Amino acid sequence: MFLFTLIRKIISGILLLAVVIPLFLLGSTWKAGGKSSITSGDVIVVMGAAQYDGRPSEALEPRVIEAARIFNRGFAQSIITVGARAPGDRTTEALASRNWLIAHGISGEKIVALSQGRDTLVSTQRYVAEMKKRSFKNVIIVTDPYHCLRAVTMAKDLGVNSSCSPVRTGPNASTHSNFRY
């Protein structure tokens, strides 16, 4: 009887953890995506997303719009765009973002395009290396709301102070029901 009770308690504990941990992570991500944690920074980083022959996609365009908005409000003095090219592309996500920002009134001298990184980790490693080279310590990351927690955590893990300014429009804005994150 003792063994049966012990096994039942162990199985109950495992099942409890299997439910509680995912719910906690989902709640943390949802909470981070629902609010802007923006503070002034040395640089704004626009995380990459698809581009179509040099034109930002419906996921990338809200990111460059948000970056332009906070840049023009004086939150940072420079911008880094990140993102490589997908197979078959003629240009990169970083260059598509840079070109859009220039076309919308931001000086090219204020923008660095880093055309590496097809995922969050590689993009973060690349822009953090660039920040350290320029002695920048604080970054404002512009990305989708439910990507903020992961992007900010990776930046902090690599030694930079980070905040997030989530997009306000587009298919991945928090105003839409979006559970894929």
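Bear in mind that the values here come from a model prediction, so they are computed numbers and not experimental data.
- Between R55 and E61 there is no salt bridge, since none of the side-chain N atoms of the basic residue sits less than 4.0 Å from a carboxylate O of the acidic one.
- For residues 69-88, there are no ring pair (Phe, Tyr, Trp, His ring centres under 6.0 Å) pairs, not counting sequence neighbours.
- Salt bridge E130/K133: present, at least one basic N to carboxylate O contact under 4.0 Å.
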Just distance, no hydrogens or angles: give the donor-acceptor pairs under 3.5 Å from side chains in residues 103-113, sequence neighbours left out.
| residue | atom | partner | partner atom | Å |
| --- | --- | --- | --- | --- |
| H104 | ND1 | W100 | O | 2.8 |
| S107 | OG | E109 | N | 3.2 |

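- Counting heavy atoms from C-beta outward, D42 and S78 have side chains that stay 4.5 Å or more apart.
- Considering all non-hydrogen atoms of both residues, A50 and S57 come closest at O-OG, 2.7 Å.
- In this structure, I65 CD1 and L101 CG are separated by 10.0 Å, a value rounded to the nearest 0.5 Å.
- Residue M47 holds its CE atom at 6.5 Å from CD1 of I141, rounded to the nearest 0.5 Å.
- Annotation: side chain of I80 is in contact with side chain of M131 (closest heavy-atom distance under 4.5 Å).
- In this structure, the side chains of S123 and E93 stay at 4.5 Å or more apart for every pair of heavy atoms.
- The two residues L149 and T153 make their nearest non-hydrogen contact at O-OG1, 2.7 Å.
- Taking the charged nitrogens against the carboxylate oxygens, D53 and R90 do have a contact shorter than 4.0 Å, which makes a salt bridge.
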**Asked** Stepwise, does the side-chain contact (heavy atoms from CB on, under 4.5 Å) test hold for R63 with D144?
**Response** CA-CA 8 Å; R63 295 178 187 189; D144 300 336; 2.8 Å; yes

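- The two residues P56 and A96 come nearest to each other via the heavy atoms CG-O, 4.0 Å.
- Pairing each heavy atom of P145 with each of P166, the nearest pair is CA-CB, 3.6 Å.
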Intermediate values then yes/no, side-chain contact (heavy atoms from CB on, under 4.5 Å), R126 and V82
CA-CA 8 Å; R126 183 62 188 103; V82 295; 5.6 Å; no

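- In this structure, CG in D157 is found 10.0 Å from OG1 in T124, a value given to the nearest 0.5 Å.
- For the residue pair V46 and S97, the shortest heavy atom distance occurs at CG1-OG, 4.2 Å.
- Shown here for S115 and T92, the closest heavy-atom pair between the two residues is OG-OG1, 2.9 Å.
- Linking Ile, Leu, Val, Met, Phe, Trp and Tyr residues whenever their side-chain heavy atoms come within less than 4.5 Å places V64 and I102 in a single cluster.
- Contact annotation: the side chain of C148 approaches that of T143 to within less than 4.5 Å [non-hydrogen atoms, C-beta and beyond].
- Interatomic distance, L121 CG to L158 CG, rounded to the nearest 0.5 Å: 7.0 Å.
- Atom SG in C164 sits 9.0 Å away from atom NE2 in H147 (nearest 0.5 Å).
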